[in-house]
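Before any comments, here is the structure.
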Amino acid sequence: MGVMSSRIHIGGIIVLSAGLLTAGCGGGSSTPERPAATAKADGPGVITGKITFDGEPPVRTPVKMAADPNCKPGPEPLSETIIVAQDRGLKNVFVHVKDGLGNSVYETPTAAIKLDQVGCRYEPHVFGVFAGQPVEISNNDPTLHNVHAMPKNNEEFNVGQQDEKAPVVTKTFSKPEIGVSFKCDVHGWMRSYANVVTHPFFAVTKDDGTFEIKGLPAGTYTIEAWHERLGTQTQSVTISDAAPAAMAAFTFKPAA
């Protein structure tokens with residue numbers, strides 16, 4: 001039996017309906033069993049810090065959504081690629097322990113991470129998720145979206161959701177991978193980034209560029225800060241029982 005599909009015109013572009021999008025790419029939903037947990041995030045260590053931007057902050061340009069009248073009405077939202085606060089704090093940087101945990105295995109959360117499509121934007125823009133932890137993807141807009149995940153180490157998937165009545169789609173990633181890009185092939189401005197890890201020691205910087213990572217045992221760790229446009233930086237941090245509080249500060253410069 002052939003696959004049924006329909007066509008929708010958005011801004012002069014013909015896009016295929018959710019039925020065909022869902023059939024086009026699969027995967028991303030099966031995850032191998034992980035070893036039993038051997039550690040908990042209950043250590044005394046706390047890493048705090050701030051990510052700053054060195055240079056003139058780029059102007060955040062309006063996102064042109066007029067091609068689809070079903071997207072968010074009112075003033076056009078601004079680009080989320082580089083968001084710099086007045087004191088140069090950099091938002092949406094993913095900070096995590098890259099190395100130093102040895103063979104410790106942490107329990108995979110069963111609670112799902114929520115990825116919503118609201119006003120033709122992804123929320124959140126940057127997030128962390130365990131390998132094997134479910135990601136629940138919802139469409140809250142009265143228009144067609146497709147969620148196209150483009151990992152390098154995990155399985156690619158491309159799933160259509162016709163409108164706000166479409167069922168929630170649940171996916172998982174099986175391997176650690178930083179900076180997995182999500183996009184919508186219907187609305188080219190829509191982007192989100194998943195960061196797949198195997199431990200709970202990560203954070204996304206707030207509006208002012210600050211972050212906090214808690215529960216680390218004593219040890220020396222490589223901390224990595226990742227930004228979608230500005231790249232990655234690392235530094236070493238040592239935590240001891242006598243000095244459990246540590247600082248980590250990163251400064252990103254404009255992209256070349």
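Start at 1 with the first residue, then count along the sequence. This one's a predicted model, so the numbers in the text were calculated from it and none came from an experiment. For the numbers below, each heavy atom of this structure counts, side chains included, while hydrogens, waters and symmetry mates do not.
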If you count heavy atoms of other groups shown closer than 6.0 angstrom to [atom1] of [X], is the number above 12?
| X | atom1 | result |
| --- | --- | --- |
| D87 | CG | yes |
| R229 | CZ | no |
| K98 | NZ | no |

If I compare all heavy atoms of [X] with all of [Y], which pair ends up nearest, and what's the gap?
| X | Y | value |
| --- | --- | --- |
| T172 | P134 | CG2-CA, 3.8 Å |
| A41 | P200 | CB-CG, 3.6 Å |
| P254 | D54 | CD-O, 3.0 Å |

What's the spacing between [X] [atom1] and [Y] [atom2] if we round to 0.5 Å?
| X | Y | atom1 | atom2 | result |
| --- | --- | --- | --- | --- |
| I178 | N195 | CD1 | CG | 4.5 Å |
| F127 | S192 | CZ | OG | 5.0 Å |
| L144 | C184 | CG | SG | 7.0 Å |
| Q117 | D141 | CD | CG | 7.0 Å |
| N92 | D207 | CG | CG | 8.5 Å |

key: Y106 and its ring pair (Phe, Tyr, Trp, His ring centres under 6.0 Å) partner, picked from F202, F201, F130   =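 It is F201; the other options fail the test.
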message = Between the side chains of E177 and K152, is the shortest nitrogen-to-carboxylate-oxygen separation below 4.0 Å, so that they form an ion pair?
response =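 E177 and K152: not salt-bridged.
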Test your reading of the model: is there a side-chain donor-acceptor pair from [X] to the backbone of [Y], 3.5 Å cut-off?
| X | Y | value |
| --- | --- | --- |
| S79 | T81 | yes |
| E155 | F173 | no |
| H187 | W189 | no |
| H227 | I82 | no |

Pairs meeting criterion salt bridge (Lys or Arg N to Asp or Glu O under 4.0 Å) with involvement of residues 123-132, two or more places apart =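 The answer is none; no pair qualifies.
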task = Not counting sequence neighbours, which residues clear ring pair (Phe, Tyr, Trp, His ring centres under 6.0 Å) with Y193? List them please.
result =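 Y193 satisfies ring pair (Phe, Tyr, Trp, His ring centres under 6.0 Å) with H125, W226 once adjacent residues are dropped.
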key: K171 to F157 six-membered ring, cation-pi geometry met (6.0 Å, 45°)   =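 Relative to the ring axis of F157, which defines the angle, K171 lies inside both limits.
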message = For a side-chain hydrogen bond (donor to acceptor under 3.5 Å, both in side chains) check, start with the C-alpha distance between T222 and T234, then their side-chain angles and the critical distance, and finish with the verdict.
response = CA-CA 6 Å; T222 300; T234 60; over 6 Å; no
inquiry  = Over 60° means perpendicular and under 30° means parallel, so tell me whether F211 and F250 are parallel, tilted or perpendicular.
reply    =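 Ring orientation of F211 relative to F250: tilted.
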task = Just jot down the side-chain contact (heavy atoms from CB on, under 4.5 Å) partners of D163, sequence neighbours excluded, or say none.
result =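 By the side-chain contact (heavy atoms from CB on, under 4.5 Å) rule, D163 matches K165.
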ask   = Once you find the SG atom in C120 and the one in C71, is the distance between them below 2.5 Å?
value =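 Taking the criterion (SG atoms under 2.5 Å apart), C71 and C120 satisfy it, so yes.
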ask   = Hey, are the side chains of V97 and H199 touching, using non-hydrogen atoms and a 4.5 Å cut-off?
value =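 Heavy-atom side-chain distance check passes, below 4.5 Å.
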